[in-house]
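Here is the structure we will look at.
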Amino acid sequence: MHLGLGAFARAHTAVFTEDAMLASGDSYWGITGVTQRSDIVARQLAPQDGLFSVVERGSGAAPLRLVSSITEAISGRHNPETVIERIASGRTSLVTLTVTEKGYRIDPAGGGLNLADEQVQSDLAGGPPRTAIGQLARGLQRRALADAGPLTVVSCDNLPANGELTQKLVLAFAAALPSLEGERLRSWVQENVAFPSTMVDRMVPATTAADLDAVERELGLRDEAAVVAEPFLQWVIEDNFAAGRPRWEDSGAVFTHDVAPWEAAKLRLLNASHSMLAYLGLAAGKATISEAVGEDAFLVACRRMMIEDVLPTVELPKGLEGEAYCEQVLSRFANPALGHTTAKVGSDGSQKIGLRLLTTVRANLDAGREPRWASLAVAAWMHRVASVSPAELDDPLAAELQAALPSARSAAAVVPALLNCRSVFDGQLAANSSFMDLLTHWYSAIDAHGLDGLRNEINHG
Ligand code: CS2
């Protein structure tokens, strides 16, 4: 089972699974892919028997290939009962997830399950499950009843300790059920379900109409579900499984006992710089990440954030050389053929900046250092929030952020107002005057002096 059948899942999880089958000869695996909010991908894949092509773009790109590991594609919204049945089936060994940060319905205040979320409440009340955690919990309940045996739930989203987090959220769902029902689910999950953490990496933009036309010219067939991706791909998985799995190690996945340093390095170096480039790029009218990193000052800011703010405050996994990793990340961003948009990477900022940037801000402040460059990225996010309408912001907290904004749009007004949003900044961070000063400085540079002014500030920063 795979929950969250977006472009990333098709270009990553499905490819690793296909390659594992090809390399090991264990060809009996197949993925039931489940779309979450929008059912478009299920509608595209179903008439194609789940087949789709992956087009690599950039230097070292492999030829277009067909992937056949998805054997069924269903809409979770329209077929909630099928989702529950498939999770409960003894033929299912694994549920993998790519439902994005907001899909986990994390309570911004405490980090647990957001019991105030309407869909979580509806799932808890016994409605057809609409959230990923609700689908998992209801499927696992049915599986326990059917005595269908253990299984593994593998989160593949960009969240630290994503396995532990998913387990915690499923258990929080159980704890919010009537006590006997909840207790049964809790004890069954604890005995039968493993939740390994993983670090996933591949840049996969949303497929465009032009991409589909290019695929059609190459294939001679219309493939509505084709995906475009960079050549690079990586998967580091905690070796903690309760049931069978494809031999992903044969397709290049790395199994380890400790994924945490991989996740931290990737989130705080790659994803943080990606977000920084997205918000700086949006402020400067750059449509894609490659255009944003092509702006010298932004490249400098990114590099300096990674080297000066992140590397001294993050524990790198053994075997990863920090500066070489940063340079590799920057050259992946520069891939001009990928067309990864700043709008896409900049979406859902309220869900991302805490994990990607504020971790680095806090670590530097705690060590008595100035988080100079990470603050620039946060200020650029604030600038984005203050310059577009909630609809354009593409963020689940758009309305809350908008409501927090003052009528004046100066740095002195916007920075403290957004720092007051407790769904994003904790009280301690908001009260830190050095952070506030940095944000105000950078916000003014972005807002008041145009691209040249910002370039100047970065080059003299
Ligand atoms: C990006 C990620 O959209 C985003 O927020 O930063 O999707 C990024 O492309 C992947 O994590 C790369 O592995």
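Indexing begins at 1, ligand by ligand and atom by atom, following the structure's order.
A salt bridge is defined here as a Lys NZ or Arg NE, NH1 or NH2 lying under 4.0 Å from an Asp or Glu carboxylate O, and D19 with R65 meets this definition. Salt bridge E263/R268: absent, no basic N to carboxylate O contact under 4.0 Å. With respect to the salt-bridge test (charged N to carboxylate O, under 4.0 angstrom), the residues D201 and R332 qualify.
If you number the atoms of ligand 1 from 1 as listed, the ones under 4.0 Å from a heavy atom of V345 come out as 3 (O), 4 (C), 5 (O), 6 (O). Shown in contact with H340 at under 4.0 Å from a heavy atom are these atoms of ligand 1, numbered in order with element: 9 (O).
Heavy atoms from both the backbone and the side chain of D201 come within less than 4.0 Å of ligand 1.
Where the criterion is an N or O separation shorter than 3.5 Å, residue side chain and backbone included, R332 fails it with respect to ligand 1. At a 3.5 angstrom cut-off on N or O pairs, K344 does not count as close to ligand 1. Polar contact check, R202 against ligand 1: a nitrogen or oxygen pair lies under 3.5 Å apart.
With hydrogens and angles left out, the side-chain atoms of D239 and H257 include no donor and acceptor closer than 3.5 Å.
Cation-pi geometry between R384 and Y443 is not met: the NZ or CZ atom fails to fall both under 6.0 Å from the ring centre and inside 45° of the normal.
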Subject >> Step-by-step ring pair (Phe, Tyr, Trp, His ring centres under 6.0 Å) determination, H274 to F333 >> reply: CA-CA 8 Å; H274 222 188; F333 289 156; 4.7 Å; yes

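Here the shortest heavy-atom distance to atom 3 (O) of ligand 1, taken over K266, H274, K352, E230, belongs to K352.
Ring geometry, W235 versus H12: the interplanar angle exceeds 60°, so the pair is classed perpendicular (tilted spans 30 to 60°).
Closest to atom 7 (O) of ligand 1 among all protein heavy atoms lies N158 ND2, 4.2 Å. The protein heavy-atom contact nearest to atom 2 (C) of ligand 1 is N271 ND2, 3.6 Å.
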